[in-house]
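Accompanying notes for the structure given below.
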Amino acid sequence: MALTLAIIGLPQSGKTTLFNALTKAGAPISGYATSSVQANVAVVQVPDPRLAPLAEIFKPKKTTYTTVEFVDVAGMGQATQSSKEKREGLSPEFLGHIRNADALAIVLRTFVNENVPHIYGNIDPDRDLDSLNAELTLTDLATVERRIERTTKAAKSGDKKYQQELEVLRRLQDALNELNLASQVQLSSQEASMLNELFLLTMKPRMYVLNVSEEVLGAANDILASIARGESCEDVKGELKGIVTVAQRAKKEGAEVVAVSARLEAELAELAEEDAHEYLESLGLPQLGADRVIQVGYHLLNLITFLTAGEDEVRAWTVTKGAKAPEAAGKIHSDIERGFIRAEVTRFEDFMTVGSFAAAVKKGLQRLEGKDYVVQDGDIVHFRFNVGK
Ligand SMILES: Nc1nc2c(ncn2[C@@H]2O[C@H](COP(=O)(O)OP(=O)(O)OP(=O)(O)O)[C@@H](O)[C@H]2O)c(=O)[nH]1
Ligand SMILES: [Mg+2]
């Protein structure tokens, strides 16, 4: 099952435009709308520059990319406006869609477009993020308070487990009451796993997608790079100011941030790949923003890619960071996990310098790894296994 990123943001921030760009750039495998709340769902391929050169060498019958799922949900705006008075958080229909997401892609508008009014009357991504966060934290607060009620009753039995749980829930309650994100609360791994079943929205890993005007895209990318390096970028004007503020916030939170022009991306997605790349080059941009969003989203999910390569298929596979060789084998087939003997591992970069597995063995570039080997991103793996009788 593909892991899911929910695209959320204020009304008219460019969510659907981005979604369309993502699904075209990433070649949708499936797309459908669900339930009463309108949602667009699509599984997209994760762009991986390693597959094409491998396919060049192996000339396989099939090349297979890893995938992630994006959901574009309408409805947050209405919830934002009504619940401001009622302090009740998000509507249940909307929630259903984002509760189960593994991470959030939060679209923040900085683009100027006179034909697209902003619900708050002017452009201010920092305020918009506050507003979205308020919505999410209030929803989480309601969840936590319901749980506190239940746990308080259970704790009357004197069971220590419930006392502990209550203590953690109260800490969360205090943080959320101050409109802090649950992810900013210090928790031990045991405490964090205890909270998993609450599916808190502000616990989810998040990326900020700044939807910027096409004209400032280059400058926005420079700013993101500078801030990532720890520079301050105080001396900017206009639209760039908001971009700096969000980038600094992201850095403080440990969240990812990407700048795109959703409209430009949607237009580029209509072009043939070659034309799109030519156009990007003319703008001085290294890569499609949609590709960046997919790749950053993929890493946000704590996933890495290992590769298999042969004449039948060149393929990228997803495992969670830290997975050991047998678990990776199990992604291919449970028999391979069960009968795991060894993994022959060649680094992609090493393989490309020699061009074949035989040459890699000869040059000592292929390792034999056992069941405790932690698979690394970019490993080309061949599993030896034996399922016996
Ligand atoms: N200038 C400019 N306009 C954009 C950009 N992205 C989106 N728009 C326009 O903004 C409007 C809203 O875009 P949508 O993608 O529908 O926004 P949304 O967030 O899905 O809106 P709701 O689903 O109604 O909440 C459309 O008219 C888009 O053409 C952009 O990067 N630049
Ligand atoms: Mg939309």
Side-chain angles (χ1 to χ4, degrees), residues 5-26 28 31-42 44 69-84 90-91 93-95 97-98 101 104-125 127-129 131-132 135-136 206-221 223-224 238-240 242-243 246 257-271 276 279-280 283 285 287-293:
L5 285 121
I7 302 175
I8 63 171
L10 291 182
Q12 301 289 289
S13 51
K15 301 179 296 293
T16 302
T17 310
L18 176 71
F19 176 85
N20 289 336
L22 291 174
T23 53
K24 280 174 204 144
Y32 48 96
T34 57
S35 88
S36 58
V37 173
Q38 198 206 333
N40 302 309
V41 185
V44 305
E69 184 175 86
F70 280 90
V71 190
D72 161 33
V73 201
M76 188 136 182
Q78 291 84 330
T80 306
Q81 280 168 330
S82 66
S83 63
K84 260 183 117 96
L90 298 162
S91 74
E93 296 88 349
F94 179 84
L95 270 181
H97 284 293
I98 61 171
L104 305 177
I106 300 180
V107 178
L108 298 167
R109 168 180 177 178
T110 72
F111 69 84
V112 183
N113 183 341
E114 313 236 298
N115 300 322
V116 181
H118 192 293
I119 53 161
Y120 297 140
N122 67 331
I123 308 280
D124 182 347
R127 172 212 49 209
D128 294 352
L129 180 51
S131 156
L132 294 165
E135 208 63 51
L136 298 170
R206 43 169 66 193
M207 67 189 292
Y208 299 123
V209 183
L210 286 160
N211 189 10
V212 310
S213 300
E214 197 176 318
E215 300 77 45
V216 306
L217 198 48
N221 280 324
I223 285 175
L224 297 190
E239 186 174 341
L240 296 179
I243 293 170
V246 171
V257 57
V258 177
V260 299
S261 163
R263 204 171 59 174
L264 170 71
E265 291 298 323
E267 284 164 12
L268 287 176
E270 301 283 344
L271 298 179
Y279 190 58
L280 276 181
L283 295 173
L285 300 169
Q287 192 188 18
L288 275 177
D291 283 354
R292 286 266 305 138
V293 171

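Whatever order the structure lists ligands and atoms in, that order sets their numbers, starting from 1. Computed from a predicted model, the values in this text were never measured in an experiment.
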> Would a 4.5 Å heavy-atom cut-off, applied to side chains only, mark Glu69 and Val41 as touching?
Replying inline: yes
>> Do Leu132 and Ile8 make a side-chain contact, defined as non-hydrogen atoms from C-beta onward lying under 4.5 Å apart?
In response: no
>> With a cutoff of 4.0 Å, is Ser261 in contact with ligand 1, counting heavy atoms of the residue only?
In response: yes
> Looking only at non-hydrogen atoms, which of Thr16, Ile7, Val107 approaches atom 20 (O) of ligand 1 most closely?
Replying inline: Thr16
> Any side-chain heavy atom of Ile7 within less than 4.5 Å of one from Leu22?
Replying inline: yes
> Residues two or more places apart in sequence or in another chain: which of them pass side-chain hydrogen bond (donor to acceptor under 3.5 Å, both in side chains) with Thr17?
Replying inline: none
> Around the Mg ion (ligand 2), what protein N, O or S atoms are found below 2.8 Å?
Replying inline: Thr16 OG1
>> Would the distance check show the side chain of Thr110 and the main-chain N or O of Glu239 forming a donor-acceptor pair, the cut-off being under 3.5 Å?
In response: no
> Is the backbone of Leu108 close enough, under 3.5 Å, to the side chain of Asp128 for a donor and an acceptor to pair up by distance?
Replying inline: no
> For ligand 1, which atoms have a heavy atom of Asn113 less than 4.0 angstrom away?
Replying inline: 1 (N), 2 (C), 3 (N)
> N/O to N/O below 3.5 Å, does that happen between Gly14 and ligand 1?
Replying inline: yes
> Within the distance-only criterion (no hydrogens, no angle test), does the side chain of Ser131 pair as donor or acceptor with the backbone N or O of Arg127 below 3.5 angstrom?
Replying inline: no
>> If we check side chain to side chain contact (heavy atoms under 4.5 Å, CB included) with Arg109, which of these qualifies: Val209, Ile123, Asp124, Val212?
In response: Ile123
>> Distance under 4.0 Å to a non-hydrogen atom of Val116: what atoms of ligand 1 satisfy this?
In response: 9 (C), 10 (O), 11 (C), 27 (O)
>> Within the 4.0 Å heavy-atom shell around Pro11, which atoms of ligand 1 are there?
In response: 25 (O)
>> Distance check, rounded to the nearest 0.5 Å: Tyr208 atom OH versus Leu129 atom CG?
In response: 4.5 Å
>> Please report the interatomic distance CG(Leu217) to CD(Glu265), rounded to the nearest 0.5 Å.
In response: 7.5 Å
>> When you compare ligand 1 with Lys15, is there at least one nitrogen or oxygen pair between them that comes in under 3.5 angstrom?
In response: yes
>> Distance under 4.0 Å to a non-hydrogen atom of Ala262: what atoms of ligand 1 satisfy this?
In response: 6 (N), 31 (O)
